[in-house]
**Student:** 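The structure is given below, and queries will be raised subsequently.
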Amino acid sequence: MARLPILAAHNTGNGSWSSQSPGVISDTTHHLQGRHADWQSSCAVLSSQWASQVEKESLAVDLHADASDEKLATTSFRDTLRDLVTFPKPLSIIDFSKPPSHGSELRVAYQGVPGAYSESAASKAYPNCEAVPCDQFEAAFQAVELWLADRAVLPLENSLGGSIHRNYDLLLRHRLHIVGEVQISVHHCLLGLPGVKKEHLKRVISHPQALAQCEHTLSKLGVAREAVDDTAGAAQFIAANNLRDTGAIASARAAELYGLDILADGIQDDSGNVTRFLMLAREPIIPRTDRRFKTSIVFALEEEAGALFKALSVFALRNINLTKIESRPQRKRPLRVVDDRNHGVAKYFEYLFFIDFEASMADPRAQNALGQLQEFASFLRVLGSYPMDMTPVGPSVSKS
């Protein structure tokens, strides 16, 4: 019986089948053998890389074991110094390295390092949030604008130190909206390294306002004072550099975080020390009338007699209570030149007026008041209409 040539068939893709000669089959076989050899070579490379990775991981485990033995032999304070590297690096305006979070946890930017009073305010405003430290106020603004954070909580005024003018200027420079406020009681502690007595301190470092608020205690100690960016940062600096002759004014939480002792508790001159913080977001909230709201605005007036009286009367005539009024020189037009027939040329400061009043923008009284103010104001902007913080601010109590 004659042998028939073996044919290989394949589908051409149009429903028909075609045949291939044995020579084509031989070429195909050589091609498959070549691919098989390439596959074996790739497997060998991957196997070598895997073996190298296992060797590295084994070495890392050995190093970790040695580090664990060394850790058991160190003191608790050295443990605290090693733990300092676990705190997040504050964001700066030139280094926003952490990508935005798309999870359900709210990211809230604040100025300072962990243990700062601003961190406590962020936690009170947004419980269970992820607090994002920033090295400067402007970095917190930009973190929200660039979607690296969802909110920012920043201080605006203190009952003893007054207004924080830097944040007033940043409110105008950036387009964030005030969506809430929170007030916290400030309780200052004098912190030092374990074993250090307050009588042995030669200098105390902290935020300038904290130093001013503890003037009486510092005068009795007779120590030098040095200002730094924030209170918790002062505590962190002492712990990181093992400064036994230096104390810090900060919170009890900062002492806990950085392994410091509380040398003196409640050292502020006035126990009624409260700081008001603003909650900022990219979008405003919808104003309501079923709860107490506050509205913050900024405006400018033309230079004329009674201009400010006229502006304030739009609120008084509608029985709207003003809770704050603050004036700031305009940065772009700091001076106004006015002709004076008797003395030639006189120069006056150009001012912006920041006002908080107790009314929601959903209230017709507030709408009519701002409508009238806009008729003669040279500039008017609503910074936000938001719920008032009605939580009681009790006496300061430190954490043990």
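Small disclaimer: the values here were computed from a predicted structure and weren't measured. Note: hydrogens, waters and symmetry copies are ignored here, and every other heavy atom, side chains too, is used.
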**Student:** For G272 versus S159, what's the shortest heavy-atom pair and its separation?
**Tutor:**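 Here G272 and S159 meet closest at O-OG, 3.1 Å.
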**Student:** Any heavy-atom pair between the side chains of Y126 and M279 that's under 4.5 Å?
**Tutor:**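 With C-beta onward as the side chain, the pair touches.
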**Student:** Can E326 and R328 be counted as an ion pair, charged N to O under 4.0 angstrom?
**Tutor:**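 R328 and E326: not salt-bridged.
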**Student:** Take atom CG in N319; do more than 12 heavy atoms of anything else shown fall under 6.0 Å from it?
**Tutor:** no
**Student:** Quick one: pull up SG in C129 and CG in D150 and give me the separation to the nearest 0.5 Å.
**Tutor:**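 CG of D150 is found 9.5 Å from SG of C129.
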**Student:** Return the minimal non-hydrogen interatomic distance between V113 and G233, and the atom names on each side.
**Tutor:** CG2-N, 3.5 Å
**Student:** Would you compute the distance between atom CD1 of I238 and atom CG of L201 and round it to the nearest 0.5 angstrom?
**Tutor:**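 Rounded to the nearest 0.5 Å, the CD1-CG separation comes to 8.0 Å.
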**Student:** With heavy-atom distances below 4.5 Å as the criterion, would you say the side chains of I355 and L312 are in contact?
**Tutor:** yes
**Student:** Please evaluate residues F353 and I297 with respect to the criterion side-chain contact (heavy atoms from CB on, under 4.5 Å), reporting the C-alpha separation (whole Å), side-chain torsions for both, the decisive distance (0.1 Å), and the verdict.
**Tutor:** CA-CA 8 Å; F353 298 95; I297 65 171; over 6 Å; no
**Student:** Report yes if some heavy atom in the side chain of Y258 is under 4.5 Å from a heavy atom in the side chain of L193; otherwise report no.
**Tutor:**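 Not touching, per the 4.5 Å side-chain cut-off.
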**Student:** Would the number of heavy atoms belonging to other residues, nucleotides or ligands and lying under 6.0 Å from NE2 of H165 be above 12?
**Tutor:**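 Result for NE2/H165: enclosed.
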**Student:** Apply side-chain contact (heavy atoms from CB on, under 4.5 Å) to E181 and D356, showing your working.
**Tutor:** CA-CA 12 Å; E181 65 175 0; D356 295 343; over 6 Å; no
**Student:** Quick check: do V274 and N158 have side-chain heavy atoms less than 4.5 Å from each other?
**Tutor:** no
**Student:** Would you give the length of the straight line joining atom NZ of K202 to atom CZ of R244, rounded to the nearest 0.5 angstrom?
**Tutor:** 13.0 Å
**Student:** Contact between L373 and L380 at the side-chain level, heavy atoms closer than 4.5 Å - yes or no?
**Tutor:** yes
**Student:** State whether E215 and R225 are salt-bridged, where the test is any N-O pair (Lys NZ or Arg NE/NH1/NH2 against Asp/Glu carboxylate O) under 4.0 Å.
**Tutor:**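 Yes, E215 and R225 are salt-bridged.
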**Student:** Measure the spacing between CZ of R173 and CD of E138 and express it to the nearest 0.5 Å.
**Tutor:** 5.0 Å
**Student:** Which heavy-atom pair separates R175 from E145 by the least distance, and what is that distance?
**Tutor:** N-OE2, 3.5 Å
